[in-house]
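Chain letters run A, B, ... following the sequence lines, proteins first and then strands; every chain starts at 1. Note that the structure is a prediction, hence the values are computed from the model and not measured.
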Protein chains: 2
Amino acid sequence: MELITRNRCFGGDQDVYTHKSDVCGVDMTFAVYLPPQSRMHPVPLLWYLSGLTCTHDNAMTKGGFQKYAADHGLALVFPDTSPRGDGVADDEAYDLGVGAGFYVNATQDPWLPHFQMYDYVVKELRNLVMDQLPVTDRQGITGHSMGGHGALIMALRNPSLFVSLSAFAPIVNPSRSDWGRKQFSAYLGEDEAAWSDYDATTLMSEVGWHGDILIDQGANDQFVDLLRPQAFAEAVNHRRQPCVMRTHAGHDHSYFFVSSFAGDHVAWHAERLLTD
Amino acid sequence: MELITRNRCFGGDQDVYTHKSDVCGVDMTFAVYLPPQSRMHPVPLLWYLSGLTCTHDNAMTKGGFQKYAADHGLALVFPDTSPRGDGVADDEAYDLGVGAGFYVNATQDPWLPHFQMYDYVVKELRNLVMDQLPVTDRQGITGHSMGGHGALIMALRNPSLFVSLSAFAPIVNPSRSDWGRKQFSAYLGEDEAAWSDYDATTLMSEVGWHGDILIDQGANDQFVDLLRPQAFAEAVNHRRQPCVMRTHAGHDHSYFFVSSFAGDHVAWHAERLLTD
């Protein structure tokens with residue numbers, strides 16, 4: 001992997017890398033924050049998956065996570081939200097194709113060859129980061145909106161890979177939402193049986209999670225009807241799943257919401273990653 | 001003035017307004033953060049002036065100031081860096097014209113009618129903000145790069161308007177820098193006598209400042225030769241001006257540098273604004 005930029009930030013380094021992705025078949029870009037503690041010893045890692053239209057850059061520049069990561073001694077990784085570049089299929093809509101990978105492995109043309117974001121994150125990028133950077137296998141995952149969806153499905157399906165789990169305003173029931181049905185039809189086909197592995201509410205009902213979960217939601221979120229937090233809340237309560245779901249007065253879906261609670265999420269993960 | 005956007009952030013409101021500027025002759029946009037305390041009573045105000053190419057948006061989204069402003073109960077205002085729009089003169093270079101007002105009152109065509117950023121900030125926007133928003137006359141000023149220059153010259157020339165003063169990697173000696181000579185020639189003309197009112201090093205030598213000053217600088221700042229901190233340091237030491245100038249290992253000129261020390265600057269201003 002090739003270092004593109006390095007900026008000192010809160011005593012650590014905010015880096016951006018590109019690498020050749022075998023899974024996606026194109027070069028992929030991601031950002032990683034290494035806190036000062038990582039110069040002495042490997043540190044636990046928190047994954048942050050971004051939402052629709054984002055790249056690795058949005059949360060890196062607007063989320064304000066680095067201060068808290070430095071305080072607690074966690075590394076952060078910010079993957080891209082889709083493959084990009086020559087030969088990568090796209091759609092005119094902002095919510096399909098480039099910037100909108102939805103963290104699935106596409107099975108349908110024209111998305112099939114490149115849109116493999118699930119395997120890319122959980123397998124290829126995880127292996128690369130663990131091989132090349134000073135991080136341990138104590139890892140947590142979070143994300144915003146489409147990235148909150150990604151965080152939930154990846155954790156629920158891979159409980160051995162993730163110690164801790166949270167999300168900001170996640171899409172939790174894409175099989176029943178216009179943020180989901182359109183994309184799953186395109187990427188996975190019309191047979192809805194293939195969708196359930198990518199629906200956090202379905203997964204919560206079927207398998208649950210080995211730990212507790214933190215989910216923050218803005219009460220004034222302009223997209224709340226597409227997120228469907230009520231479906232996940234119902235599944236959580238049916239299962240008696242340990243979970244904190246907070247609805248915050250006045251907050252919308254923006255990075256002003258994410259940054260307002262970034263410190264709480266990093267602290268949540270640190271508490272679970274830094275103890276055995 | 002017209003509210004364009006409002007986002008809840010750390011319990012307060014991050015707002016963006018436009019208003020008709022008589023001084024600049026066009027509509028101007030600015031951002032203001034009102035902390036939760038401002039719902040109960042007027043609060044002190046910290047001005048943040050941005051650098052070359054920036055708008056009101058950069059520091060608002062990337063600086064991470066809101067958390068600290070909410071912690072301390074300060075309002076923040078982020079003005080634009082120049083007039084914009086139909087009829088406003090511009091130059092192909094990034095460092096002249098739109099996005100590069102240098103916080104001066106232009107006396108030369110074609111800049112004369114609109115590029116009046118000094119009076120815009122110190123007079124018109126100050127009056128508007130104090131008239132329309134819940135802020136007190138306890139005010140401090142800071143800024144980054146070209147905005148650090150703006151903060152220093154505005155404070156040094158208006159000691160009765162500002163209680164507290166700091167800057168991030170400021171341009172401190174524009175009369176002797178390619179970030180300054182080009183712009184002052186264009187905006188103010190070739191007679192360098194007209195430049196001294198806009199040179200922080202000259203002002204420090206001539207009038208000093210009634211309080212102490214905090215200046216942070218990155219040791220790896222790629223633009224340090226254009227900033228000339230050594231000139232300001234010499235003037236400060238000649239005058240025995242109370243001042244803290246910190247040079248930070250590894251840090252560059254980016255917002256990763258600004259955000260890393262945003263908390264220190266807000267605390268510095270709060271300590272001086274919240275006590276008599």
Enquirer: How long is the gap from CG on B:Asp13 to CZ on A:Phe256, to the nearest 0.5 Å?
Expert: 11.0 Å

Enquirer: Between chain A and each of B:Gly11, B:Ser260, B:Cys9, B:Gly218, count heavy-atom pairs under 4.5 Å; write down the option with the most.
Expert: B:Ser260

Enquirer: Please output the residues of residues 58-65 of chain B in contact with chain A, using a heavy-atom cutoff of under 4.5 Å, in numerical order.
Expert: B:Met60, B:Thr61, B:Lys62

Enquirer: Would you say A:Asp212 has more than 12 foreign heavy atoms packed within less than 6.0 Å of its CG?
Expert: yes

Enquirer: Please check this pair: side chain of A:Arg8 against backbone of B:Ala249, looking for a donor-acceptor N/O pair closer than 3.5 Å.
Expert: yes

Enquirer: Any side-chain heavy-atom pair from A:Phe10 and B:Ser259 closer than 4.5 angstrom?
Expert: yes

Enquirer: Examine whether an atom of A:Asp252 lies under 4.5 Å from a heavy atom of chain B, and if so say whether it belongs to the side chain, the backbone or both; otherwise answer neither.
Expert: side chain

Enquirer: How about CG on A:Asp57, more than 12 heavy atoms from neighbouring residues, nucleotides or ligands closer than 6.0 Å, or not?
Expert: yes

